[in-house]
Protein chains: 2
Amino acid sequence: MTDTARGSSRRYGTRPTMKDVAARAGVGLKTVSRVVNGEPGVTPDTERRVQEAITALGFRRNDSARILRKGRTASIGLVLEDLADPFYGPLSRAVEEVARHHGALLINGSSAEDPAREQELVLALCARRVDGLVVIPAGDDHRYLAPEIAAGVATVFVDRPAGRIEADTVLSDSFGGSRDAVAHLLAHGHRRIGFIGDQPRIHTAKERLRGYRTAMAAAGLPVDDAWVSLGTTEPERVHTAARAMLDAPEPVTALFAGNNRVTVTLVRVLRQCTAPVALVGFDDFELADLVSPAVTVVAQDAARMGRTAAGLLFRRLEGADEPPRREEIPTRLIARGSGEIRPAHD
Amino acid sequence: MTDTARGSSRRYGTRPTMKDVAARAGVGLKTVSRVVNGEPGVTPDTERRVQEAITALGFRRNDSARILRKGRTASIGLVLEDLADPFYGPLSRAVEEVARHHGALLINGSSAEDPAREQELVLALCARRVDGLVVIPAGDDHRYLAPEIAAGVATVFVDRPAGRIEADTVLSDSFGGSRDAVAHLLAHGHRRIGFIGDQPRIHTAKERLRGYRTAMAAAGLPVDDAWVSLGTTEPERVHTAARAMLDAPEPVTALFAGNNRVTVTLVRVLRQCTAPVALVGFDDFELADLVSPAVTVVAQDAARMGRTAAGLLFRRLEGADEPPRREEIPTRLIARGSGEIRPAHD
DNA sequence: CTGAAAGCGCTTACAG
DNA sequence: CTGAAAGCGCTTACAG
């Protein structure tokens with residue numbers, strides 16, 4: 001009889017519960033719970049019997065039930081633009097490492113740069129009752145998150161600020177990094193410098209443009225409208241924009257790329273040019289030193305951004321009750337050759 | 001009174017439940033459940049009252065409770081080596097897309113190529129009762145998963161086969177791709193070809209070595225032990241191995257790299273060489289065409305691997321009851337220059 | 001040292 | 001169309 005019951009409880013798709021273990025070991029439910037959770041107050045003999053039952057039945061605690069009772073899920077959500085983008089790999093990994101040290105798992109999803117999808121994902125994670133969220137926002141209005149934050153979901157925004165709510169934020173120094181990049185080109189004799197960046201609704205794109213303008217202004221130089229092009233990072237769009245700047249009657253002698261993907265496209269465009277054109281890119285990429293000329297970049301520290309964000313998150317979860325913080329991670333200019341090319345004449 | 005109760009139920013960290021909504025709307029619990037889940041059989045007027053209560057209280061259904069009752073978590077686990085590795089980005093993204101179409105979230109973690117950590121992660125995901133698992137295994141003994149699979153956790157192994165259990169598997173054609181790569185070098189006149197690959201305990205490393213040996217044998221050529229080096233992908237290790245092959249009295253005239261990271265290191269090593277040495281790498285990488293000479297590779301389709309794996313997984317979850325499958329994803333040789341260099345003389 | 005009862009927040013199965 | 005009761009598999013708070 002007992003054997004039959006046990007047999008059927010092993011059927012495909014059915015798993016033994018603590019109750020089954022308790023029955024088999026001839027103890028109470030709470031005793032099984034004690035053993036499973038390593039709580040004290042169980043005699044060695046009782047413990048052994050429970051362990052045997054656990055092994056025999058192939059019991060594994062159902063954390064869904066545990067989570068419901070305890071109120072904490074020991075998981076955090078990570079919403080980013082695209083898991084396949086190399087910038088987010090190290091960032092995700094860093095968040096994961098910190099989560100791991102706190103015994104938490106990572107649930108993540110890609111927004112594909114779509115605000116509606118970002119919101120859908122974030123709210124799905126809230127419904128799962130993640131303890132916290134790390135969000136690289138696609139949208140610019142996060143009021144939908146306010147009730148969740150008020151209900152205790154620790155939330156940190158990374159790479160771009162939250163829109164219309166206050167929250168912990170970790171950003172790269174886009175403004176300072178861009179200003180330095182352009183100053184670097186100016187120091188190498190350039191006067192007509194083009195900026196090709198991401199869509200203007202993206203915060204970092206605006207900041208990088210501001211850095212560009214500030215550096216030009218500090219050098220007392222005018223900025224021709226034709227030297228600035230913001231838009232998608234599609235190769236075709238970037239290619240067209242670059243060609244326009246390079247084929248103008250007074251062509252730019254240097255280009256500053258607003259991000260990773262733009263930089264790579266510009267490397268391709270510039271190989272076709274006869275006259276050398278200087279290039280500095282925002283954000284480093286793996287083989288930047290292998291291309292020739294090697295590409296000068298303003299490097300961001302994605303792993304540090306992830307670590308910092310996760311650190312802030314767990315501070316909140318451990319009860320830190322302080323106003324939202326905004327951390328800025330410095331960038332670093334790495335001169336490799338392409339940014340040190342001087343203008344032909346002028 | 002009611003207001004006080006409501007006020008306190010909004011306290012930081014406390015969230016309203018269906019019961020609260022029911023009380024406020026003056027309906028039964030089940031009616032709230034019907035509205036929240038869009039089930040039929042609710043008058044428009046009742047529905048409106050419930051919706052108002054939901055909005056007023058900021059209610060969001062607790063999926064932890066739902067999951068416990070329904071038995072399915074609508075989440076799948078993805079365990080890979082390192083989220084930050086560019087090979088896994090597109091693979092993860094592809095798995096995520098398929099999961100999304102099935103309404104499932106992705107929980108993932110990195111094993112860091114450590115079998116113990118792989119097991120710990122996988123079992124933690126099983127305790128969370130993920131519906132399925134996509135595993136890029138680090139270890140070579142997965143018997144620990146047998147009870148979970150028997151209990152209904154759909155499991156698919158990707159990139160490397162499962163060890164000591166039967167399970168759905170999606171692999172690249174490492175053997176065929178490597179054989180083709182080496183045949184390509186042979187066709188360009190090489191006779192002394194070196195192979196630098198990953199650690200021999202990794203299945204793909206063994207398969208790629210087998211492809212190399214098969215191609216050499218098919219050409220009737222001997223393989224000198226000094227031409228084969230398996231080990232970690234640390235740049236230093238790869239550098240030393242390559243130098244030994246290149247500085248030998250009878251140096252190799254071509255190198256076949258067993259993976260991505262090895263290829264990149266070899267590009268760096270070969271730039272220092274005076275005599276040109278041919279190179280083919282297993283696995284494509286983003287800027288392979290920008291390096292000079294551009295790098296000839298055997299490309300894997302990581303996204304297709306991810307899609308295929310997730311496809312198999314959801315077939316199982318939808319009840320497919322068939323023996324474990326093994327899908328092999330073809331590779332593609334992309335000639336870009338480095339693999340078409342001919343040996344100096346001979 | 002051990003265990004019975006209540007409850008976490010939902011859904012299921014039924015009854016009106 | 002609507003709702004009260006039971007239950008998912010654990011943990012909590014108590015009592016022995």
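By convention in this document, chain letters (A, B, ...) are assigned in the order of the sequence lines, proteins followed by strands, and residues within each chain are numbered from 1. This structure is a prediction, so every number in the text was calculated from the model and none was measured. Atom set for the values below is all heavy atoms of this structure, side chains included, hydrogens, waters and symmetry mates excluded.
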Looking at residues at least two apart in the chain, or sitting in another chain, which of them share a salt bridge (Lys or Arg N to Asp or Glu O under 4.0 Å) with [X]?
| X | value |
| --- | --- |
| D85(B) | R261(B) |
| D168(A) | R316(A) |
| R129(A) | none |

- Query: So does T31(A) get a side-chain nitrogen or oxygen closer than 4.0 Å to the phosphate oxygens (OP1/OP2) of dG3(C)?
  - Reply: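 Yes, because at least one side-chain N or O of T31(A) sits under 4.0 Å from OP1 or OP2 of dG3(C).
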
- Query: Does T46(B) place a side-chain N or O at less than 4.0 Å from the phosphate oxygens OP1/OP2 of dT2(D)?
  - Reply: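 For T46(B), the contact criterion (side-chain N or O under 4.0 Å from OP1 or OP2 of dT2(D)) is met.
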
- Partner residues of F157(B) under the ring pair (Phe, Tyr, Trp, His ring centres under 6.0 Å) criterion, sequence neighbours left out: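 In terms of ring pair (Phe, Tyr, Trp, His ring centres under 6.0 Å), with neighbours along the sequence ignored, F157(B) is linked to H142(B).
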
- Message: Tell me every residue that passes ring pair (Phe, Tyr, Trp, His ring centres under 6.0 Å) with F314(A), counting only those two or more places apart in sequence or in another chain.
- Response: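 Residues passing ring pair (Phe, Tyr, Trp, His ring centres under 6.0 Å) with F314(A): H102(A).
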
- Which pairs with one or both residues in residues 103-119 of chain B pass salt bridge (charged side-chain N to carboxylate O under 4.0 Å, His left out), sequence neighbours excluded?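 Salt bridge (charged side-chain N to carboxylate O under 4.0 Å, His left out) check on residues 103-119 of chain B returns E97(A)-R117(B), E113(B)-R160(B).
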
- Query: Which residue pairs satisfy the salt bridge (charged side-chain N to carboxylate O under 4.0 Å, His left out) criterion with at least one member in residues 132-142 of chain B, sequence neighbours excluded?
  - Reply: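 Counting only pairs at least two positions apart or across chains, the salt bridge (charged side-chain N to carboxylate O under 4.0 Å, His left out) contacts touching residues 132-142 of chain B are D141(B)-R143(B).
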
- Query: Quick one: does E148(A)'s side chain have a donor or acceptor within less than 3.5 Å of a partner on C126(A)'s backbone?
  - Reply: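 Not at all, since once roles are kept as given, no pair shorter than 3.5 Å links the two residues.
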
Produce the list of close N/O pairs, under 3.5 Å, pairing protein atoms with atoms of nucleotides 6-10 of chain D; give distances to one decimal.
{"from": "dG7(D)", "atom 1": "N2", "to": "R69(B)", "atom 2": "NH1", "distance (Å)": "3.3"}
{"from": "dG7(D)", "atom 1": "N3", "to": "R69(B)", "atom 2": "NH1", "distance (Å)": "3.2"}
{"from": "dG9(D)", "atom 1": "N2", "to": "A65(A)", "atom 2": "O", "distance (Å)": "3.4"}
{"from": "dC10(D)", "atom 1": "OP1", "to": "N62(A)", "atom 2": "N", "distance (Å)": "3.3"}
{"from": "dC10(D)", "atom 1": "OP2", "to": "M18(A)", "atom 2": "N", "distance (Å)": "3.0"}

- Task: Dot-bracket for DNA chain D, please, read 5' to 3', with Watson-Crick or G-U wobble pairs under 3.5 Å on both distances, ( ) within the strand, [ ] crossing, | other strand, . unpaired.
- Result: |||.||||||||.|||

- Item | Most 5' of R34(A) and T43(B) on DNA chain D, judged by nearest nucleotide |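 Comparing both residues, the 5'-ward one is T43(B).
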
- Separation of K70(A) atom NZ from dT12(D) atom C1', in whole Å?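 That distance rounds to 9 Å.
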
